[in-house]
Amino acid sequence: MAWRSTVITRFQRCVGIRLFRIFRWQLEVWYCPKGEVIPLHIHEHCDSRITHWIGNVEWMMGSKRRTLSTRDIGWTRHVPAGSPHGAKVHSFSIFTNLEKWSGRPSSAAIDFVVA
C-alpha cells in the first residue's frame with residue numbers, strides 16, 4: 001500500500017523532495033543552504049540511510065563529528081530510529097535520506113524530535 005502526502009517538505013531553510021515511496025520505504029533528497037544548523041535530533045519512526053552527495057557540511061552523530069566535502073561523494077551512514085544526529089552546513093549540502101518507516105511514512109522533517 002502506498003500513501004499520498006506532500007512531495008515537498010521544508011525544515012527551517014532546507015527543502016526536501018520525496019523521490020519515491022513504496023510501502024514503508026521512502027527516498028527524500030534534501031538541499032540545505034550555507035549557514036544552516038540542523039540541531040541534534042532523532043526520528044522516532046524511521047530508520048535512515050543518509051548519503052552525502054555534494055557540499056561542505058559537518059555531520060554529527062551522537063558525540064562523533066565528521067566534516068564532509070564534495071570529494072566525499074557517496075559517503076553513507078546508517079542512522080537507526082532514535083539515534084541523535086545533526087549537521088552544520090558550511091557551503092551548502094545536498095544529501096539523500098533512504099527511510100524505512102515503522103508506521104505510516106511522512107517525512108523525516110515531520111518525524112523530527114530535538115534530542
Side-chain angles (χ1 to χ4, degrees):
M1 166 184 298
W3 293 284
R4 294 178 155 236
S5 69
T6 305
V7 174
I8 297 174
T9 305
R10 296 183 184 276
F11 176 79
Q12 298 174 165
R13 296 182 304 138
C14 300
V15 177
I17 300 171
R18 185 182 74 228
L19 298 181
F20 73 82
R21 177 182 294 157
I22 300 172
F23 302 105
R24 297 197 187 279
W25 289 90
Q26 177 170 278
L27 180 66
E28 293 181 303
V29 62
W30 284 90
Y31 165 80
C32 296
K34 179 179 182 177
E36 192 65 31
V37 176
I38 302 167
L40 279 175
H41 64 281
I42 64 167
H43 302 287
E44 294 180 323
H45 305 288
C46 73
D47 286 330
S48 296
R49 183 155 303 273
I50 296 175
T51 302
H52 171 78
W53 293 108
I54 192 168
N56 188 343
V57 61
E58 180 183 355
W59 163 259
M60 299 168 281
M61 187 161 172
S63 61
K64 296 180 182 178
R65 297 174 183 267
R66 177 162 179 187
T67 299
L68 303 170
S69 69
T70 299
R71 69 176 174 266
D72 296 304
I73 187 170
W75 178 89
T76 301
R77 194 60 74 227
H78 176 236
V79 183
S83 296
H85 61 288
K88 292 181 183 176
V89 182
H90 300 293
S91 61
F92 68 93
S93 176
I94 296 177
F95 65 93
T96 52
N97 186 5
L98 178 61
E99 306 154 0
K100 183 178 180 187
W101 290 79
S102 61
R104 183 177 177 160
S106 60
S107 170
I110 295 169
D111 188 43
F112 185 101
V113 179
V114 175

Worked verdict on Met61 versus Arg66 for side chain to side chain contact (heavy atoms under 4.5 Å, CB included): CA-CA 9 Å; Met61 187 161 172; Arg66 177 162 179 187; over 6 Å; no
Ile50 vs Trp30, side chain to side chain contact (heavy atoms under 4.5 Å, CB included): CA-CA, chis, key distance, verdict: CA-CA 10 Å; Ile50 296 175; Trp30 284 90; over 6 Å; no
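- The shortest distance between side-chain heavy atoms of Ile17 and Tyr31 does not fall below 4.5 Å.
- A donor-acceptor pair is defined here as one N or O able to donate and one able to accept, closer than 3.5 Å; no such pair exists between the side chain of Glu36 and the backbone of Cys14.
- Side chain of Ser102 to main chain of His45: a donor-acceptor pair is present (N/O by atom type, distance under 3.5 Å, no hydrogens or angles).
- Other residues, nucleotides and ligands contribute at most 12 non-hydrogen atoms within 6.0 Å of the CZ atom of Arg10.
- In this structure, Thr70 contributes its side chain and Gly55 its backbone to a donor-acceptor pair below 3.5 Å.
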Residues Cys32, Phe11; criterion side chain to side chain contact (heavy atoms under 4.5 Å, CB included); working and verdict: CA-CA 9 Å; Cys32 296; Phe11 176 79; over 6 Å; no
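- Put simply, the side chain of Thr96 reaches to within 4.5 Å of the side chain of Leu27, judged on heavy atoms.
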Arg18 and Ser107: CA distance, side-chain angles, deciding distance, side chain to side chain contact (heavy atoms under 4.5 Å, CB included) verdict: CA-CA 8 Å; Arg18 185 182 74 228; Ser107 170; over 6 Å; no
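- In this structure, His78 NE2 and Lys100 NZ are separated by 9.0 Å, a value rounded to the nearest 0.5 Å.
- Just one of Arg49, Gln26, Arg24 meets the side chain to side chain contact (heavy atoms under 4.5 Å, CB included) condition when paired with Glu99; it is Gln26.
- One N or O on the side chain of Ser91 and one on the backbone of Asn56 form a donor-acceptor pair closer than 3.5 Å.
- Between Phe112 and His41, the ring-plane angle classifies as parallel under the 30° and 60° cut-offs.
- In this structure, NE2 on His52 lies 12.5 Å from CZ on Arg77, to the nearest 0.5 angstrom.
- Taking the side chain as every heavy atom from C-beta outward, Pro39 and Gln12 approach each other to under 4.5 Å.
- With hydrogens and angles ignored, the 3.5 Å screen pairs a side-chain donor or acceptor of Asp47 with a backbone N or O of Ala81.
- Proximity of a side-chain donor or acceptor of His43 to a complementary backbone N or O of Asp111 within less than 3.5 Å is detected.
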